[in-house]
A.B. asks: 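Dumping the structure here so I can ask a few things about it.
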Amino acid sequence: ALPALAAALLLQSVFLGYGGFTALGANVLIMGLPALIVSMVFRGFVTRSTTPSQVFGWGCGAGAVSILLTYLCAAAVLLASGKEFQGVAAWVVAVHLPLLIIESYVTGAALYYFKKNRPEWLTASMPPPERKE
């Protein structure tokens with residue numbers, strides 16, 4: 001997740017001017033850390049689930065937790081930036097709560113679809129890198 005996020009955020013700052021180079025590290029941390037945590041916590045539950053409805057439930061949980069952690073990380077970065085950002089930090093979390101509901105449903109629905117139609121995608125692991133000698 002981290003290399004993909006870093007590349008996407010770099011391209012976004014270069015071509016769109018959004019975020020900028022000075023905030024690139026913070027943005028990668030804000031988005032990447034929750035992705036790693038949620039992956040470590042929820043992957044086992046999703047892969048061991050036997051029915052699509054169980055996978056949907058775990059997917060909803062993963063989507064909700066990832067969004068919540070992302071905005072808590074953003075609020076923490078804002079709080080660390082100074083007192084003038086305290087009000088903004090609270091609003092960042094509060095305003096994005098509807099997104100948490102939407103994201104949890106979308107993630108659950110996507111995993112439900114994969115469990116029904118492509119269950120091997122949920123248990124597949126990446127092959128080890130080939131060694132060149």
Side-chain angles (χ1 to χ4, degrees):
L2 286 176
L5 286 170
L9 289 170
L10 178 65
L11 291 172
Q12 179 177 299
S13 69
V14 169
F15 292 116
L16 302 175
Y18 183 75
F21 291 111
T22 57
L24 189 59
N27 287 337
V28 170
L29 178 72
I30 288 168
M31 295 177 79
L33 189 60
L36 291 173
I37 291 169
V38 168
S39 173
M40 288 188 296
V41 171
F42 284 90
R43 182 180 179 111
F45 294 117
V46 170
T47 57
R48 285 192 302 270
S49 296
T50 56
T51 66
S53 58
Q54 287 176 338
V55 170
F56 176 78
W58 287 115
C60 286
V65 170
S66 67
I67 290 294
L68 182 63
L69 288 177
T70 298
Y71 291 113
L72 289 175
C73 286
V77 168
L78 287 168
L79 288 173
S81 298
K83 284 187 173 187
E84 58 274 1
F85 292 106
Q86 285 180 348
V88 175
W91 274 100
V92 161
V93 176
V95 170
H96 288 92
L97 288 178
L99 180 62
L100 181 143
I101 295 166
I102 295 166
E103 178 68 27
S104 68
Y105 181 79
V106 168
T107 304
L111 291 178
Y112 179 88
Y113 174 82
F114 293 145
K115 183 67 174 180
K116 276 190 94 148
N117 298 298
R118 301 282 187 184
E120 67 275 7
W121 288 8
L122 296 178
T123 57
S125 62
M126 294 180 63
E130 294 182 27
R131 294 204 292 179
K132 296 180 180 179
E133 296 178 26

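Everything numeric in this text was worked out from a predicted model, so none of it was measured.
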A.B. asks: Can you see which heavy atom on V28 is nearest to which on A6, and at what distance?
C.D. replies: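 Heavy-atom minimum between the residues: CG2-CA, 3.7 Å.
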
A.B. asks: I'd like to know if the side chain of S81 reaches the main chain of V77, judged simply by a donor and an acceptor atom lying under 3.5 Å from each other, with no hydrogens or angles considered.
C.D. replies: yes

A.B. asks: If you round to the nearest 0.5 Å, how far is CG of L100 from OG of S66?
C.D. replies: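 One finds 8.0 Å between OG of S66 and CG of L100.
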
A.B. asks: Between K115 and S49 (side chain of the first, backbone of the second, donor and acceptor by atom type, cut-off under 3.5 Å), is there such a pair?
C.D. replies: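 Flag set: sc K115 to bb S49 pair under 3.5 Å.
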
A.B. asks: Could you grab the distance from atom OG of S13 to atom CG of L11, nearest 0.5 Å is fine?
C.D. replies: 8.0 Å

A.B. asks: Using the ring-ring contact (aromatic ring centres under 6.0 Å, His included) rule, collect all pairs that involve residues 65-94, keeping only residues at least two apart or in two chains.
C.D. replies: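 Matches after skipping sequence neighbours: Y71-H96.
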
A.B. asks: I'd like to check the ring-ring contact (aromatic ring centres under 6.0 Å, His included) partners of Y105; sequence neighbours left out, ordered by chain and number.
C.D. replies: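 Applying ring-ring contact (aromatic ring centres under 6.0 Å, His included) to Y105 gives F56.
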
A.B. asks: Checking E103 side chain against L99 main chain: does a donor-acceptor pair fall under 3.5 Å?
C.D. replies: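 It does not hold such a pair.
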
A.B. asks: Applying the 4.5 Å side-chain criterion to the ILVMFWY set and letting contacts propagate, would F15 and M31 be lumped into a single cluster?
C.D. replies: yes

A.B. asks: Distance from E120 atom CD to R118 atom CZ, nearest 0.5 Å?
C.D. replies: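 One finds 6.0 Å between CD of E120 and CZ of R118.
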
A.B. asks: Quick one: pull up CG in L24 and CD in Q12 and give me the separation to the nearest 0.5 Å.
C.D. replies: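 One finds 9.5 Å between CG of L24 and CD of Q12.
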
A.B. asks: Apart from V55 itself, what residues make up its hydrophobic cluster, given side-chain heavy atom links below 4.5 Å?
C.D. replies: L29, L33, I37, V38, V41, F42, F45, V46, W58, V65, L69, L111, Y113, F114, W121, L122

A.B. asks: How far does CG of L5 sit from CG of L10, to the nearest 0.5 angstrom?
C.D. replies: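 That separation rounds to 12.5 Å.
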
A.B. asks: For K116 and P52, which heavy atoms make the closest approach, and how far apart are they?
C.D. replies: CG-CG, 3.5 Å

